[in-house]
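Down below is the structure, laid out as structure tokens.
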Protein chains: 2
Amino acid sequence: MKFPKIPMAAINRLSIYIRALEELEEQGTKVISSERLAKQCGVNPAQIRKDLAYFGEFGVRGVGYRIEDLIREIKEILGLDRTWNIAMIGVGNLGSALIRHGNFIKHGYVFAAAFDIDPHKIGKRLPNGLVIHHIDDLEKVVKECDIHIGVIATPASAAQSVANQLIIAGVNGILNFAPAQIQVPECCHVENVDFTIKLDSIAYHLSTTGT
Amino acid sequence: MKFPKIPMAAINRLSIYIRALEELEEQGTKVISSERLAKQCGVNPAQIRKDLAYFGEFGVRGVGYRIEDLIREIKEILGLDRTWNIAMIGVGNLGSALIRHGNFIKHGYVFAAAFDIDPHKIGKRLPNGLVIHHIDDLEKVVKECDIHIGVIATPASAAQSVANQLIIAGVNGILNFAPAQIQVPECCHVENVDFTIKLDSIAYHLSTTGT
DNA sequence: TTTTTTATGTGATTTAATTCACTTTAATAA
DNA sequence: TTATTAAAGTGAATTAAATCACATAAAAAA
Ligand SMILES: NC(=O)c1ccc[n+]([C@@H]2O[C@H](COP(=O)([O-])OP(=O)(O)OC[C@H]3O[C@@H](n4cnc5c(N)ncnc54)[C@H](O)[C@@H]3O)[C@@H](O)[C@H]2O)c1
Ligand SMILES: NC(=O)c1ccc[n+]([C@@H]2O[C@H](COP(=O)([O-])OP(=O)(O)OC[C@H]3O[C@@H](n4cnc5c(N)ncnc54)[C@H](O)[C@@H]3O)[C@@H](O)[C@H]2O)c1
């Protein structure tokens, strides 16, 4: 494969493949074909082979993919052969639920610092041991804790200003839960999570195919 | 337009247009061109016109779109010209944060009932007044409360069984927060929310464009 | 060894989505 | 009333993504 531009959808599928492969590994399976993996992930087998082919040759013809190896390879492709330190901005309802959640650490994501603007919250210690910093200490703490990803869980009205502060602090990856379209420079990558868009899509389907 | 098959991406964009339009309406704007709306939403103007053209003609040539009318039209397209009653399954960390969250009601989504399997939680009253039911009462309560959408916020291990119960109860729209691939019949529409996939995508971008 | 089997890797094809570029229509100015 | 301007609507072109179908290579069987 020459100079392929890699579709974003392919990257997202790699995450899905990893989930399935890890489950299979737990069950003791050693090797799997693109056909069986495809069935488990609900995609086309050729899709899996092509997605992987963007990055190299990881299978054995006539045999399939060695699961242990493939997991390692995909993790390396995605940059998951390390841990990522995350800053949580906005320790409210959602922010604290996310920090409390144990699943992120399993995937190598570590909440390394938490920030808020509410004076009642600053200095408080969370169940997992983190102390809540003032948002104005962001740049300092980001450097100290080697943070590369920021999660925005503030009200929408604060989202853009928080994003600006993150970028000044040198954070180039942002996961935004606020229902606001934030503007960032080219160097920064933003992923938005908006549950209401998903609900809207469900409502559409229910409405069009008899309630 | 004859018999267009509507791309799923178009439906999701309609939600984004609504958000922007509602913001504009609050600011007192009455009319907007596809060009200005496109800039605000970060898409191509022709995209907006084509997305809308799947459903009819809503603009005025030479003028633009009357915001109030367009909001109403899009809401009707998406089936948002009504309220939707939702059941929350799994009132843990995430489930209770979602129920507590005030933004859903603004969009017409009402948490009408909550369910869990933990005996300590059954019968407890949530801040918003809902009583937590046992999951085995799902079918009965779904009927009583006219619920059409189910949100799964249980551990992944329970997700498939919960989905089965929802479908038996006649719920055909599911928003699934558990990191599990659930199997449902044709008639049921599932949307998955998986934050770690978004984080993986951020990790990939940070890794490829020098950390 | 040689043959058969199996499943990857990939160029070619098909399908889908997006964008362009032009036509149409409404409003405004001359 | 007529010309001009602005922006929606849309068929055509482009671009991107997904799938097919077969050549290729490894392993197993003969
Ligand atoms: N809670 C949910 O289930 C849910 C669901 C979907 C979307 N969201 C979105 O997630 C965001 C957070 O929701 P929530 O329910 O946790 O809200 P919340 O009000 O409980 O928490 C927001 C927190 O952000 C803090 N904050 C405000 N401005 C800040 C700033 N400039 N810097 C740092 N911290 C700041 C507040 O002090 C508060 O602690 C909102 O944008 C909401 O729309 C939440
Ligand atoms: N909390 C988060 O921030 C977060 C983030 C991403 C994904 N998730 C996912 O969301 C789900 C919920 O996460 P959580 O942190 O709220 O977990 P949690 O353990 O706090 O809550 C799960 C709840 O589900 C209930 N439950 C278990 N089996 C059930 C069943 N069969 N029927 C009804 N209720 C049942 C449990 O009693 C518990 O109250 C998990 O799958 C998790 O992976 C959570």
Side-chain angles (χ1 to χ4, degrees), chain A residues 1-17 20-21 24 29-74 77 197 201 204, chain B residues 1-17 20-21 24 29-74 77 197 201 204:
Chain A
M1 203 159 265
K2 305 144 298 183
F3 300 107
K5 316 119 215 169
I6 296 150
M8 203 22 143
I11 299 299
N12 289 313
R13 280 191 297 267
L14 291 184
S15 296
I16 293 172
Y17 303 156
L21 290 166
L24 286 162
T29 317
K30 297 288 181 205
V31 172
I32 194 162
S33 67
S34 60
E35 189 168 333
R36 292 217 302 123
L37 182 59
K39 187 167 288 169
Q40 182 153 344
C41 297
V43 302
N44 182 295
Q47 180 94 81
I48 293 183
R49 299 200 297 275
K50 185 136 281 185
D51 286 345
L52 294 172
Y54 289 125
F55 302 99
E57 304 193 3
F58 307 115
V60 183
R61 295 181 190 208
V63 178
Y65 299 92
R66 283 203 19 88
I67 289 178
E68 192 190 333
D69 294 351
L70 189 54
I71 289 174
R72 197 186 48 253
E73 295 284 3
I74 296 181
I77 292 165
I197 291 180
S201 162
Y204 170 77
Chain B
M1 204 160 264
K2 306 145 297 180
F3 300 106
K5 315 122 219 168
I6 296 151
M8 204 23 148
I11 299 299
N12 289 314
R13 280 190 297 266
L14 291 184
S15 296
I16 294 172
Y17 304 157
L21 290 166
L24 286 161
T29 316
K30 297 288 181 206
V31 173
I32 193 162
S33 66
S34 60
E35 190 168 331
R36 292 218 301 125
L37 182 59
K39 186 166 288 169
Q40 182 154 345
C41 296
V43 302
N44 182 295
Q47 180 93 81
I48 293 183
R49 298 200 297 275
K50 185 136 282 189
D51 286 345
L52 294 173
Y54 289 126
F55 302 99
E57 304 193 3
F58 307 114
V60 184
R61 294 180 191 210
V63 178
Y65 299 92
R66 283 203 19 89
I67 288 177
E68 191 189 334
D69 295 352
L70 189 55
I71 289 174
R72 197 185 48 254
E73 295 284 3
I74 296 181
I77 292 164
I197 291 180
S201 162
Y204 171 77

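Just so we're on the same page: letters track the sequence lines, and every chain starts at 1.
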Distance check needed: [N] [atom2] versus [X] [atom1], whole Å only.
| X | N | atom1 | atom2 | value |
| --- | --- | --- | --- | --- |
| A:F55 | C:dG9 | CZ | P | 14 Å |
| A:R36 | C:dT6 | CZ | P | 15 Å |
| A:K39 | C:dA7 | NZ | P | 12 Å |
| B:L37 | D:dG9 | CG | P | 13 Å |
| A:N44 | C:dA16 | CG | P | 13 Å |
| B:R49 | C:dT23 | CZ | P | 15 Å |
| B:D51 | C:dA16 | CG | P | 17 Å |
| B:Q47 | C:dC20 | CD | P | 11 Å |

So do the side chains of [X] and [Y] get within less than 4.5 Å of each other, counting heavy atoms only?
| X | Y | value |
| --- | --- | --- |
| B:Y65 | B:R49 | yes |
| B:S15 | A:Y204 | no |
| B:Q40 | B:L24 | yes |

So, is A:S34 close to the C:dT8 phosphate, meaning a side-chain N or O under 4.0 Å from OP1 or OP2?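 Answer yes for this pair, as a side-chain N or O of A:S34 is under 4.0 Å from OP1 or OP2.
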
Verify the contact: side-chain N or O of A:S33 to OP1 or OP2 of C:dA7, cut-off strictly under 4.0 Å; return yes or no. no

For B:A20 against B:L37, the heavy-atom pair lying closest together: CB-CD1, 3.9 Å

Kindly write out the residues that satisfy side-chain contact (heavy atoms from CB on, under 4.5 Å) with B:S201, not counting sequence neighbours, or none if the list is empty.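 B:S201 satisfies side-chain contact (heavy atoms from CB on, under 4.5 Å) with A:M8, A:N12, A:H189, A:E191, B:H205 once adjacent residues are dropped.
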
More than 12 non-hydrogen atoms from neighbouring residues, nucleotides or ligands closer than 6.0 Å to CZ on A:R36, yes or no?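 12 or below, so no.
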
Nearest-nucleotide comparison on DNA chain D, the residue closer to the 5′ end among A:A46 and A:P7: A:P7

Heavy atoms under 4.0 Å, any strand shown: does B:R13 hit a base, just sugar-phosphate, or nothing?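 The residue B:R13 makes sugar-phosphate contact but no base contact.
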
Any N/O donor-acceptor pair, B:K50 side-chain to D:dT10 base, under 3.5 Å: no

side-chain contact (heavy atoms from CB on, under 4.5 Å) between B:L70 and B:Y17: does it pass, once the steps are laid out? CA-CA 10 Å; B:L70 189 55; B:Y17 304 157; over 6 Å; no

Which parts of residues 57-65 of chain B get close to DNA chain D, meaning a heavy atom less than 4.0 angstrom away? B:E57, B:F58, B:G59, B:V60, B:R61, B:G62, B:V63, B:G64, B:Y65

